[in-house]
Amino acid sequence: MPFVVAAAAVALFAVPAAAHADESVHVAMQDLNGTGAKGMAMLTATDSGDLAVTIKASGMTPNAPHAQHIHGSTTGMDFMCPDKSDDKDGNGYVSVEEGLPKYGDIHISLTTTGDTTKASGLAVDRMPMADADGNLTYERVIPAADLPPGTIEHLKDLHVVQHGIDVNNNGTYDMDALGESTFAKSLGVNGIPEEATDPATCGMVTGAAAGSMPTGGVDTGDGSTNDTGGLALYTAGGLALAGVAALVVRRRLGLSRHGR
């Protein structure tokens, strides 16, 4: 499926209106943590109310799984992609905990099969893997019955985040670079490298007002919740995955190359 912004799509972005059946929005995904990864996603509302998702990305960690999600809100909150200023601990990388207040809770988990709710946010056994050259391709149609309320009407308010970075350029996720994932550990999953969970790309819908002030307040970043608000949202589904993730993540990370 081509990633060309057609005239109809341009018109859609130019006029602030909700997406309807037979319309698509394009998401330009940019590197979030200095990896050079980038990509393009297309979210298409079909005439039957389903959501067709197509993603093509490059510069990802080769031969490694990459958790990916649609984030944002359908209830008036204004979320956006984080930047280096959101690196609160000063280690040079934006973590899941640091990014959540900006890009919001998981709206849809972009798994290859099965469940797509946020409960599958860490289901790396069902997330796509990049090939030996770091290219990742993903296509899936999510049935209307499985979409959270308001998804189709608010496509332009949603965005895509992909996870998994290779800080020390050794072709795998390991503890030597950034240590253990504090996010996975908060869900009771020990021994997972921080590299595996840190975001690699984030993209907003083409034409969205990136950097605009929230019109309804940022759900976890406007001071109306405590510091653990974002994590609490993630944890609600993540705890159910702890046992599976501990086994599957280690197995699949072992498939990564040990050199580029």
Side-chain angles (χ1 to χ4, degrees), residues 18-21 23-29 32 39-46 49-55 57 66-82 96-124 126-128 138-163 183 187 197 199-206 208-210 214-222 225 229-241:
H20 299 287
E23 292 184 345
S24 298
V25 295
H26 295 71
V27 180
M29 299 183 300
L32 185 56
M40 182 67 77
M42 184 159 63
L43 311 178
T44 301
T46 70
D50 301 336
L51 178 65
V53 182
T54 302
I55 298 175
H66 291 273
Q68 55 180 23
H69 318 97
I70 294 176
H71 288 262
S73 170
T74 61
T75 59
M77 296 295 178
D78 184 10
F79 291 104
M80 60 196 71
C81 289
V96 170
E97 297 96 322
E98 292 167 335
L100 271 173
K102 278 292 185 69
Y103 55 64
D105 193 17
I106 292 176
H107 190 70
I108 296 172
S109 295
L110 295 176
T111 54
T112 55
T113 61
D115 177 66
T116 58
T117 69
K118 73 176 181 181
S120 291
L122 292 179
V124 292
R126 294 184 288 112
M127 293 292 181
Y138 174 85
E139 292 186 357
R140 185 171 183 184
V141 177
I142 302 172
D146 295 337
L147 297 176
T151 297
I152 298 302
E153 293 79 8
H154 292 272
L155 280 186
K156 69 180 182 63
D157 299 321
L158 303 174
H159 45 283
V160 177
V161 178
Q162 295 175 302
H163 300 260
F183 173 66
L187 301 182
T197 57
T201 69
C202 180
M204 300 177 66
V205 171
T206 303
T215 56
V218 176
D219 198 21
T220 60
D222 64 355
T225 61
L231 279 179
L233 291 171
Y234 238 119
T235 302
L239 284 174
L241 297 167

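- Checked by atom type and distance alone, the side chain of Arg140 pairs as donor or acceptor with a backbone atom of Thr111 at under 3.5 Å.
- No donor-acceptor pair under 3.5 Å is formed between the side chain of Thr44 and the backbone N or O of Thr46.
- Scanning both residues, Gln68 and Pro128, for their nearest heavy atoms gives NE2-CG, 3.4 Å.
- A 4.5 Å side-chain heavy-atom check between Val53 and Tyr138 finds at least one atom pair inside the cut-off.
- Here the side chain of His71 pairs no donor or acceptor atom with the backbone of His159 at under 3.5 angstrom.
- At least one donor-acceptor pair closer than 3.5 Å links the side chain of Thr112 to the backbone N or O of Arg126.
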>> What verdict does the side-chain contact (heavy atoms from CB on, under 4.5 Å) test give for His69 and Leu110, after you've listed the backbone C-alpha separation in whole Å, the side-chain angles of each residue and the deciding distance to 0.1 Å?
In response: CA-CA 5 Å; His69 318 97; Leu110 295 176; 5.6 Å; no
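- Taking both residues in full, the closest heavy atoms of Ile70 and Val160 are given as CG1-CG2, 4.4 Å, listed atom of the first, atom of the second, then distance.
- Counting heavy atoms from C-beta on, the side chains of Leu155 and Glu23 never come closer than 4.5 Å.
- Taking the side chain as every heavy atom from C-beta outward, Glu98 and Pro82 never approach each other to under 4.5 Å.
- Judged by distance alone, with hydrogens and angles left aside, the side-chain atoms of Asp157 form no donor-acceptor pair with the main-chain N or O of Thr74 at under 3.5 Å.
- For His107 (side chain) and Leu158 (main-chain N/O), no donor-acceptor pair under 3.5 Å exists by modelled atom type.
- The nearest pair of heavy atoms linking Leu32 to Cys202 is CD2-CB, 4.2 Å.
- Nearest approach of Ile108 to Pro148, heavy atoms of both residues: CG1-CD, 3.9 Å.
- In terms of heavy atoms, Leu100 sits closest to Asp105 at CD2-CA, 4.4 Å.
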>> Would Thr151 and Leu51 count as a side-chain contact (heavy atoms from CB on, under 4.5 Å) here? Give the steps.
In response: CA-CA 9 Å; Thr151 297; Leu51 178 65; 4.2 Å; yes
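- Using cut-offs of 30° and 60° for the angle between ring planes, the His163 and Tyr103 rings count as perpendicular.
- Side-chain atoms of Asp146 and Thr116 form no donor-acceptor pair, as typed in the model, at a separation below 3.5 Å.
- A donor-acceptor distance shorter than 3.5 angstrom exists from the side chain of Glu97 to the backbone of Phe183, with no hydrogens or angles considered.
- Using modelled atom types, no side-chain atom of Thr201 and backbone atom of Val161 make a donor-acceptor pair closer than 3.5 Å.
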>> Under the criterion side-chain contact (heavy atoms from CB on, under 4.5 Å), I'd like the reasoning laid out for His154 against Thr75: C-alpha separation, chi angles, the key distance, then a yes or no.
In response: CA-CA 9 Å; His154 292 272; Thr75 59; over 6 Å; no
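- Considering all non-hydrogen atoms of both residues, Gly121 and Met127 come closest at O-CE, 3.8 Å.
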>> Please determine whether side-chain contact (heavy atoms from CB on, under 4.5 Å) holds for the pair Leu122 and Leu187, giving the CA-CA distance in whole Å, both sets of side-chain angles, and the decisive distance to 0.1 Å.
In response: CA-CA 10 Å; Leu122 292 179; Leu187 301 182; 3.2 Å; yes
